[in-house]
Amino acid sequence: LFGVSKSWKQSEGSARNPECEPERESERESARNAAHAPERASHSSVNPRERERIVMHIDMNAFFASVEQALRPFLRGKPVLVAADPYGTPKGARSVAATASYEARAYGVKTGMPLFQALRLCPTAIIVEGDGRKYVSIALKLLEILESYTDLVEPYSIDEAFIDVTNTVHLFGDKVAIARDIKRRVREEFGITCSIGVAPNKLVAKMASDLEKPDGLVVIDRASLPDAIWDLPVDALIGVGRKRTLKLNLMGIFTIRDLALYPRENLRRAFGVIGEDLQAAAWGLDDSPVIPTTAIPDPKSVSAASTFIKDTRDRELILSALFYLAEKAATRLRRHNMRARTLGVWIRYGDFSSDGRSHRLPFPIDRFAQIWPLARQQFESAFFPPRKPVRLVGVYLGELEPAVGYDVPLFPDVARKDRVDDVVSASRERFGSRSLMRARSMIGEKVVMT
Amino acid sequence: MAVSVIEEPIKVAAVFEGGKLTPVRFRWRGRAKRVRAVTGRWTSRDGTDTIHYFAIMGDDDVYYEISFSTQTFVWRLEKLETE
């Protein structure tokens, strides 16, 4: 996946501040004893009889771009942007950089940046059309490597995973040996690099892997917490995004230390119960387990959305996209054998303002024939005629529950539609999402990006 | 740098070794090419078919992507890239 193997970086103990100054130590102790420190912090004090968990976060560096550079020697050492359908519109007008190689990042290009903007920053960048099947195949092989160390492997995204080796570490030497071995195998087998964070929990492991990129290995053990993370900006915490960072900054919280030492009551007032969770995270506390794929619970909701290549007010085009999305959401729902009690639609206009409607249903639904008319009715009554050109539409199905039992259709027509749904779902499972499509959803086929 | 989509059947000599299938040379449009390096491999499903893809550098300094269908036993040259 990722072409060039860079210098090996490793920092044992604390990652950013390995030298634990006395002032900081006393500060930590007094803070830990302070009334506003989270109660869970006192529970985290090391109990010698309690074995420290060993969790790793493996993050493939610039995954898609690195895969392309590893496979295609002509791309190595050059700025590369991987994008979906970059040639679907003139100069990929609406496409975004799914990944940028490190050479492109040096110019300030970021993942998710619109291509036209990325090209403005890095005019020499080579645009490569992404190949999802290729990346999925390689990601699955990567998971196989991880599963050779433990059965507790949790894919976090296509290019990230958590593993828990607490119970298997003795079979492979120690945690650093495992991490090094993973890095070696990834490099040898795929020609790419990964960054690994090793810590007592998922939260800190992910932060550790972010500290050294690309090709890093950072170990943070319990003894070095929370100092190891306190000097980092507050947005380094999982769950602290742009909006939350802004709010925290306005409260005078800029580093994780600021958050850890902030009066808990004030955080609770500002963020509700989340405030306490944020503070616990700032102390490096997280007891969430690594959940292997086989134990991943059913989804709480499913949704599908599409962006138009060009903002539009065209009624037929918008309805065609909505039709396609209702079908897609229905297929996803049936794949999980679930039914929905809430149906929602949403819209985003060309100026990026958004609006949405959702409705609780008197009975749960899972059939396209039920979902589509309701979605259409809701959409038409709320958003037609559109007051501004439309950029994106979406369908949401929530409050999911298992589709237990079997409703016997009383009318032949309903039974026939049910069978059509079954055939469509089965075909898509086996041959792909576009193997069988209703004609109406193909009206927008050439103009809808999915 | 130019990418050409080819999608034509080709004749391939390959070895099965160490649990892996590895192309070593191929003939396309009457011209023989040697595989200098396999830079990567991946698989994909197409209905009931499993297709093995190989990223290779030829001895002519051209990058090729070739595929092998386990259902039809047909090798294809998918695309090539020159510097």
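What's counted below: heavy atoms across the whole structure, side chains too, no hydrogens, waters or symmetry copies. Below, chains carry the letters A, B, ... as their sequence lines are ordered, and counting in each starts from 1.
Judged as a ring pair (Phe, Tyr, Trp, His ring centres under 6.0 Å), and not counting sequence neighbours, A/Phe74 has no contacts.
For A/Leu140, no part sits under 4.5 Å from any heavy atom of chain B, backbone or side chain. Heavy-atom distances place both the backbone and the side chain of B/Tyr63 under 4.5 Å from chain A. Proximity to chain A is absent for every atom of B/Val38, based on heavy atoms less than 4.5 angstrom apart. Only the side chain of B/Ser44 comes within contact range of chain A, judged by heavy atoms closer than 4.5 Å.
Around atom CZ of B/Arg34, no more than 12 heavy atoms belonging to other residues, nucleotides or ligands sit under 6.0 Å away. Residue B/Arg25 places its CZ atom among 12 or fewer non-hydrogen atoms of other residues, nucleotides or ligands, all under 6.0 Å distant.
Sequence neighbours left out, the pairs with a member in residues 9-24 of chain B that pass side-chain hydrogen bond (donor to acceptor under 3.5 Å, both in side chains) are B/Thr22-B/Arg41.
The aromatic rings of A/Phe162 and A/His57 are tilted relative to each other, their planes meeting at an angle between 30° and 60°.
Under the 6.0 Å cut-off for aromatic ring centres, B/Phe26 and B/Tyr64 qualify, their centroids lying closer than that.
Proximity to chain A among residues 67-83 of chain B is limited to B/Glu81, B/Thr82, B/Glu83, judged by heavy-atom separations below 4.5 angstrom.
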**Asked** Under the side chain to side chain donor-acceptor pair (under 3.5 Å) criterion, do A/Asp159 and A/Tyr135 qualify, and how do the steps go?
**Response** CA-CA 9 Å; A/Asp159 59 352; A/Tyr135 310 139; over 6 Å; no

For residues 106-119 of chain A, dump all side-chain donor-acceptor pairs below 3.5 Å to protein atoms at least two apart in sequence or in another chain.
none

